[in-house]
Amino acid sequence: MNRQEPIVAFLYDFDKTLCTTDMQDYAFIPSLGMTPAEFWAKANGFGRSRRMDGVLAYMYMMLREAERKNLPFTRGDLVEKGRGIELFPGVADWFSRINAFGRAQGVRVEHYVISSGLREIIEGSSISGEFKEIYASEFYYDGTGRPVWPKLAVNFTAKTQFVYRINKGVLDVSDDKALNDSMPDNSKRVPFPNMIYMGDGLSDVPCMKMMRAYGGQAIAVYQAANRAGVEELLAKGRVDFVFPADYREGRALEETVKNIICKMAFAHRLRGENLRQLRCLGEGAGAETFE
């Protein structure tokens, strides 16, 4: 990579942002003989009654219900259940279009997932290969592929640590030392003003607030069912833009994202020109001193 080539990073929630509903709803929950409403009521009720983190509660409930029904539950099974994920219109070729546009503007575009859903199911989706890194909840598996412990639980506020990892380029979740080491702003791999976070609701507010506080962009997408809630986020200044979850070429979401990339690329060029002029001034001052 050219050291002067700026990186623009897209950070996505997954459920109801790139796909139409919670990822467990497509294949896993039906395999239990339950409706999504039944499963989530049970998982959420279990978590509340035991004052348990909601992500850990649903992960436990997945294990318990599969065991009760004598259903296979391995990493491979979960990946396979991601094959049926239904994406919003235009998502399938969104990444190639945005990458190509970024290249035309002189920037490298990278895509990341930050999700409270399951990494294993996301890996089964048709777009899993588009992401530089997938940060999502995950099980630890034994040698037979059976889950024995939560490996990572990504609740709503925990999402923000992954924004910092992307910012610093410390992508390994086990590397806390490098994440917490002091680092000059001009050495961070992806500056906050070069980040775009895309989500669908309240679970994304901590990351969206970070974007707005540090100079990045926050976009909320909606379906008819959550339009009012997303528009409320805009009214309260928690996001910069809201759009229907339509990623097709030429639609409003793509056009605005392209404008944001152009702005980021232009800002990078202006910073480069500013540094060039400062160097020239410094060289001129040095010449006068030696005279």
Side-chain angles (χ1 to χ4, degrees), residues 5-20 86-115 122 125-135 159 162-163 166-167 189-201 203-223 226-227 229-231 233-235 237-271:
E5 181 185 26
I7 299 170
V8 171
F10 283 77
L11 285 52
Y12 305 89
D13 179 39
F14 200 87
D15 295 345
K16 302 175 186 174
T17 298
L18 296 173
C19 66
T20 59
E86 181 182 342
L87 304 172
F88 283 121
V91 169
D93 61 355
W94 163 263
F95 306 96
S96 59
R97 284 185 278 116
I98 297 303
N99 293 347
F101 183 81
R103 284 193 298 272
Q105 308 309 310
V107 303
R108 171 183 290 193
V109 177
E110 294 179 350
H111 306 274
Y112 298 82
V113 167
I114 305 178
S115 171
I122 295 172
S125 72
S126 61
I127 57 172
S128 62
E130 304 289 353
F131 305 109
K132 184 173 180 64
E133 186 57 82
I134 296 171
Y135 294 115
K159 286 184 173 186
F162 304 107
V163 179
I166 295 164
N167 170 236
R189 186 172 183 274
V190 185
F192 287 116
N194 283 18
M195 291 185 177
I196 303 168
Y197 186 90
M198 299 180 66
D200 68 282
S203 66
D204 302 299
V205 165
C207 290
M208 289 172 167
K209 289 182 69 174
M210 281 184 69
M211 292 297 102
R212 290 178 57 79
Y214 295 145
Q217 299 286 316
I219 298 175
V221 299
Y222 63 83
Q223 303 175 77
N226 71 319
R227 178 171 181 167
V230 164
E231 289 178 342
L233 294 179
L234 181 65
R238 291 180 156 188
V239 297
D240 296 295
F241 305 99
V242 299
F243 294 102
D246 187 343
Y247 294 76
R248 286 176 290 183
E249 186 172 7
R251 300 303 171 101
L253 174 58
E254 184 193 64
E255 293 304 306
T256 296
V257 162
K258 285 181 175 180
N259 287 334
I260 292 171
I261 292 173
C262 286
K263 183 186 78 170
M264 291 175 173
F266 184 65
H268 176 79
R269 290 195 291 272
L270 281 180
R271 287 193 295 271

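Just so it is clear, the structure is predicted and the values come from calculations on it, not from any experiment.
- Distance check, rounded to the nearest 0.5 Å: CZ of Arg238 to CE of Met211 gives 15.5 Å.
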Inset, instruction - Could you check Val109 against Phe95 for side-chain contact (heavy atoms from CB on, under 4.5 Å), going step by step and ending with a plain yes or no? - result: CA-CA 9 Å; Val109 177; Phe95 306 96; over 6 Å; no

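- Remark: Ser203 pairs with no residue by the side-chain hydrogen bond (donor to acceptor under 3.5 Å, both in side chains) rule, at least two apart or across chains.
- A heavy-atom distance below 4.5 Å is found between the side chains of Ile166 and Met195.
- Considering CG of Asp204 and CE of Met198, their distance stands at 11.0 Å, rounded to 0.5 Å.
- In this structure, the side chains of Phe10 and Ile219 stay at 4.5 Å or more apart for every pair of heavy atoms.
- Legend: residues meeting side chain to side chain contact (heavy atoms under 4.5 Å, CB included) with Thr256, ordered by chain and number and at least two apart, are Phe241, Phe243, Ile260.
- Residues passing the side chain to side chain contact (heavy atoms under 4.5 Å, CB included) test with Arg97 are Asp93, Trp94, Glu249, Glu254, sequence neighbours excluded.
- The side chain to side chain contact (heavy atoms under 4.5 Å, CB included) check on Phe101 picks up Gln105, Lys258, Ile261, Cys262, with sequence neighbours excluded.
- Put simply, the side chain of Cys207 does not reach to within 4.5 Å of the side chain of Leu11, judged on heavy atoms.
- For Asp240, the side-chain hydrogen bond (donor to acceptor under 3.5 Å, both in side chains) partners are Arg212, not counting sequence neighbours.
- Not counting sequence neighbours, Asp200 has no partner by the salt bridge (Lys or Arg N to Asp or Glu O under 4.0 Å) test.
- The CD1 atom of Ile114 sits 11.5 Å away from the OG1 atom of Thr17 when rounded to the nearest 0.5 Å.
- The two residues Gly250 and Glu255 come nearest to each other via the heavy atoms CA-OE2, 3.7 Å.
- Closest non-hydrogen pair, Tyr12 versus Leu18, comes out as CD2-CD2, 3.8 Å.
- Remark: Pro89 engages Asp246, Arg248 in a side chain to side chain contact (heavy atoms under 4.5 Å, CB included) (not counting sequence neighbours).
- Between Leu234 atom CG and Tyr222 atom OH the span is 10.5 Å, to the nearest 0.5 Å.
- Minimum heavy-atom separation, Asn226 to Val221: ND2-O, 3.7 Å.
- Distance check: Tyr247 OH to Ile98 CD1 gives 10.5 Å after rounding to the nearest 0.5 Å.
- Looking at Lys159 and Asp13, their side chains come closer than 4.5 Å, going by heavy atoms from C-beta outward.
- Of all non-hydrogen atoms in Thr20 and Gln223, the two that sit nearest each other are O-NE2, 3.0 Å.
- Residues satisfying the side-chain hydrogen bond (donor to acceptor under 3.5 Å, both in side chains) test with Glu231, not counting sequence neighbours, are Arg227.
- Every residue two or more places apart in sequence or in another chain was checked for a ring pair (Phe, Tyr, Trp, His ring centres under 6.0 Å) with Tyr197, and none qualifies.
- Here the CD1-SG distance, from Ile122 to Cys19, works out to 8.0 Å after rounding to the nearest 0.5 Å.
- The heavy-atom pair separating Met264 from Pro193 by the smallest distance is CE-O, 3.2 Å.
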For residues 128-135, dump all side-chain donor-acceptor pairs below 3.5 Å to protein atoms at least two apart in sequence or in another chain.
unit_1	atom_1	unit_2	atom_2	d
Ser128	OG	Glu123	O	3.1
Ser128	OG	Ser125	O	3.4
Glu133	OE2	Arg119	NH1	3.1
Tyr135	OH	Leu171	O	2.7

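- Evaluation of the side-chain hydrogen bond (donor to acceptor under 3.5 Å, both in side chains) rule for Asn99 yields His111 as partners, not counting sequence neighbours.
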